[in-house]
Amino acid sequence: MPELPEVETVVQSIRDKLIGNEFENIEIRWPKVLFNFSKEDFLNTLINRKIQRVDRRAKFIIIGFDDDILAIHLRMTGKLYFQNNLSQKKHISAIITMNNGGYFIFEDTRKFGRFYYYNSQDYLNNKLGIEPLSNEFNDIWLKNILHNKKRMIKALLLDQNIIAGLGNIYVDECLWKSNIHPQTVSNKIPFKNILILCKEIKSTLQSSINAHGTTVVNFTFLNGQSGKYSDQLNIFGKEGRPCPRCSQTIKKKKIAGRGTHFCPKCQIKRN
DNA sequence: CCATGAACCTGGTCGC
DNA sequence: TGCGACCAGGTTCATG
């Protein structure tokens with residue numbers, strides 16, 4: 001499911017209910033949900049400890065205790081929310097009982113989402129690429145990466161080890177905004193397009209966060225409210241419709257293993 | 001180093 | 001209405 005703006009939206013929606021509170025118990029309904037630790041580990045290490053912080057790193061939700069963290073990845077269909085009682089919903093992977101009596105629910109239709117436990121956030125920080133909304137991510141940094149690699153730009157932008165947080169929707173949108181064909185080899189992209197790409201990555205992600213993310217199918221947060229960025233999409237999901245810039249018919253094709261939307265007229269491949 | 005396809009899961013949609 | 005094929009916001013692993 002979610003990319004950076006959607007994960008950020010989830011973090012903002014659960015932060016205040018978690019910070020200062022404690023986990024009291026956990027019920028596991030899909031055993032694989034705990035990736036690198038067991039229910040006993042959870043009970044032994046995370047119960048009755050005050051939650052210090054709730055943050056986002058890339059597409060991970062970080063629940064911080066002291067140095068150690070519970071990291072949650074929603075993958076395609078994961079949802080996190082609070083409830084006052086246990087529901088009989090079908091696809092619940094885990095339920096955490098809170099010290100204040102509420103239930104912290106992880107619902108996940110496709111069951112790809114996972115909980116991870118780490119002694120510190122260093123492991124994730126070392127593995128993941130740069131945060132695109134940080135100041136370190138700028139046009140010079142991006143130019144160096146693109147020009148030092150010979151890689152299809154769409155695959156490069158989706159690679160979480162390089163830039164962390166972009167996914168299929170925002171890559172398609174940002175490549176369209178900067179007139180770059182998704183199959184362009186990264187070191188063939190002119191600097192003037194890289195400048196636009198850098199700027200559009202930041203502004204697209206920030207606009208989407210401001211709109212509480214994109215709802216494609218039924219992504220929801222906080223009791224079913226939907227993200228409003230869907231209204232601002234130009235190219236994603238618009239196959240067969242006219243390009244908002246040049247009116248050419250938008251095409252969809254499998255690129256880098258993902259359904260990819262682009263305008264064949266104004267996104268030029270220069271390989 | 002890079003590209004591709006399968007795997008992990010369930011459900012929705014489309015064509016016949 | 002029913003059924004099979006294909007698709008889905010992500011990531012990882014094997015293979016060439």
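The sequence lines fix the lettering, A, B, ..., with proteins before strands; numbering per chain opens at 1. Reckoned from all heavy atoms, side chains included, excluding hydrogens, waters and symmetry mates.
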Nearest-nucleotide check on DNA chain B, A/K254 vs A/K149; residue mapping nearer the 5' end is A/K149
How long is the line joining [atom1] of [X] and [atom2] of [N], in whole Å?
| X | N | atom1 | atom2 | value |
| --- | --- | --- | --- | --- |
| A/Y229 | C/dG9 | OH | C1' | 14 Å |
| A/H261 | C/dA8 | NE2 | P | 7 Å |
| A/L4 | C/dG10 | CG | C1' | 14 Å |
| A/K252 | C/dC7 | NZ | C1' | 7 Å |
| A/I169 | C/dA8 | CD1 | P | 11 Å |
| A/K32 | B/dT10 | NZ | P | 10 Å |
| A/Y116 | C/dT11 | OH | P | 9 Å |
| A/R114 | C/dT11 | CZ | C1' | 10 Å |

Nearest-angstrom distance, [atom1] atom, [N] to [M]:
| N | M | atom1 | answer |
| --- | --- | --- | --- |
| B/dC1 | C/dG10 | C1' | 22 Å |
| C/dG9 | B/dC2 | P | 24 Å |
| C/dC6 | B/dG5 | P | 14 Å |

Does the side-chain ring of A/F112 sit on the six-membered ring of the B/dC8 base, less than 5.5 Å centre to centre and under 30° in tilt?
yes
Is there a donor on the side chain of A/R151 or the base of B/dA3 sitting less than 3.5 Å from an acceptor on the other?
no
If the cut-off is 4.0 Å, is [X] near the phosphate of [N], judged by side-chain N/O to OP1 or OP2?
| X | N | value |
| --- | --- | --- |
| A/K111 | B/dC8 | no |
| A/H91 | B/dG11 | yes |
| A/Q160 | C/dG10 | no |
| A/R75 | C/dA8 | no |
| A/K90 | B/dG11 | yes |

5′-ward residue of the pair A/H73/A/T260 relative to DNA chain C
A/T260
Identify whether any heavy atom of [X] sits under 4.0 Å from a base atom; if not, whether one sits that close to sugar-phosphate; answer base, sugar-phosphate or nothing.
| X | answer |
| --- | --- |
| A/G167 | sugar-phosphate |
| A/G113 | nothing |
| A/K127 | sugar-phosphate |

Does the structure show a Watson-Crick or G-U wobble partner for B/dA7, both distances under 3.5 Å? Name it, or say none.
C/dT11
Can you figure out which of B/dA3, B/dT10, C/dG9 approaches the side chain of A/T109 most closely?
B/dT10
Picking from B/dG11, C/dG10, C/dG9, which would you name as closest to the side chain of A/F236?
C/dG9
Do [X] and [Y] have side-chain N/O donor and acceptor atoms under 3.5 Å apart?
| X | Y | answer |
| --- | --- | --- |
| A/N125 | A/Q121 | yes |
| A/D41 | A/S38 | yes |
| A/Y170 | A/S208 | yes |

A/P264 pairs by side-chain contact (heavy atoms from CB on, under 4.5 Å) with which of A/Q248, A/K269, A/K253?
A/Q248
Pick from A/V7, A/I62, A/I69, A/V11: which one makes a side-chain contact (heavy atoms from CB on, under 4.5 Å) with A/R57?
A/I62
Between A/Y116 and A/Y123, does the ring-ring contact (aromatic ring centres under 6.0 Å, His included) criterion hold? Intermediate values first, please.
CA-CA 11 Å; A/Y116 306 80; A/Y123 175 80; 8.8 Å; no
